[in-house]
Amino acid sequence: MMRVITWNINSVRLRLALVLDVLKQHKPDVLCLQETKTPDEFFPAEAFHQAGYVHQHVAGMKGYNGVAILSRLPLDKPDQYQRVKRDDKRHISAVVKDPAGDFLLHNVYIPAGGYEADLTAEKFRHKLDFVDDLAAFFAAQKQNKIPAMLVGDLNIAPLEHDVWDHKKMLKVVSHTPIEVEKFARLAEQGSWYDAIRHFVPADKKLYTWWSYRAADWDTADKGRRLDHMWVTPPLKERLKSQAILRDLRGAVQPSDHVPVILDLKR
DNA sequence: ATGGTCGGTACCCGA
């Protein structure tokens, strides 16, 4: 079995012990983090190295954003397939040297988009442009035949049951029709297939994020599925199982996102 | 009716 975990950690330094616990308990081959919120010189590389994740590809900055790929399997050609080089620290890539077959892994953190679902609002515009930019990038990659996986915090909940109340959320950034439309186009341009919904029917509620502002996140359960794991067709036949580690939202000092696990047959 | 909480950083911004 080959296991990949994606997790928006909202500060890797604050939650290092929690991440190490997850690694110990769930033993992924590869861990993709978003919102690490630290420049590379302060990234806790040694702690992950000691935990067995000796292959690391990290791109951080001060205070915001930041993505990392931590792997027990060798990583090749880091960022040969990156969307843009070294600017906003929201996208890194590497080829994972899996014994069952190498695959290209993209770790993505799409901007949240602010509060105003208005095309003239700067943050919303930035989010939509970022998605368009990614779609164009993957369209240009179409000739590339290597099997691929895309994971990360995409900050869009596309399906009716990816949010707690579809009608109420239609005007809320993350579930607006224009975001969902651009999200679908991104998936189409990259030939991406939703590997989590492969296992969970579309009419079943499924969340990976619960706001910090909810007094009782668990009983209120006003979640959204913002974190995704996608594969291209060559990896579909290897899909084995998925898991969303909901309980971690109840950890001491939790991230507002929980880890998502995808297992591939080997 | 339009809240509420985080984390990093520096007294606010982004989520």
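Values in this document were obtained by computation on a predicted structure and should not be read as measured data. So that the names make sense, note that chain A is the first sequence line, chain B the second, and so on, each numbered from 1.
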Going through the checks in order, is the salt bridge (charged side-chain N to carboxylate O under 4.0 Å, His left out) test met by A:Lys182 and A:Asp129?
-> CA-CA 9 Å; A:Lys182 287 186 180 293; A:Asp129 289 347; over 6 Å; no
Do any side-chain atoms of residues 58-68 of chain A form donor-acceptor pairs under 3.5 angstrom with protein atoms, and if so which ones, sequence neighbours left out?
{"residue": "A:Asn65", "atom": "OD1", "partner": "A:Arg90", "partner atom": "NH2", "Å": "3.2"}
{"residue": "A:Asn65", "atom": "ND2", "partner": "A:Asp88", "partner atom": "O", "Å": "3.1"}

Rounded distance in Å between the C1' positions of B:dA15 and B:dG4 | 14 Å
What interatomic distance, in whole Å, is found between P of B:dA10 and the corresponding atom of B:dC6?
-> 22 Å
Gap in Å between the two P atoms, one belonging to B:dT9 and one to B:dG14, rounded = 14 Å
Where do A:Leu239 and A:Lys265 come nearest, in terms of heavy atoms and distance?
-> O-CE, 3.5 Å
Rounded to whole angstrom units, what separation is found between the NZ atom of A:Lys168 and the P atom of B:dG3?
-> 17 Å
Could you list all the salt bridge (charged side-chain N to carboxylate O under 4.0 Å, His left out) pairs where at least one residue sits in residues 191-216 of chain A, not counting sequence neighbours?
-> A:Asp162-A:Arg197, A:Asp194-A:Arg225
Basic-acidic side-chain contact under 4.0 Å: A:Arg3, A:Asp263 | yes
Tell me, for nucleotides 9-15 of chain B in 5' to 3' order, what letter each nucleotide earns: B for a base near a protein heavy atom under 4.0 Å, S for only sugar-phosphate near one, - for neither?
-> S----SB
Identified side-chain hydrogen bond (donor to acceptor under 3.5 Å, both in side chains) partner of A:Asn10 from the options A:Gln253, A:Lys37, A:His257 = A:Lys37
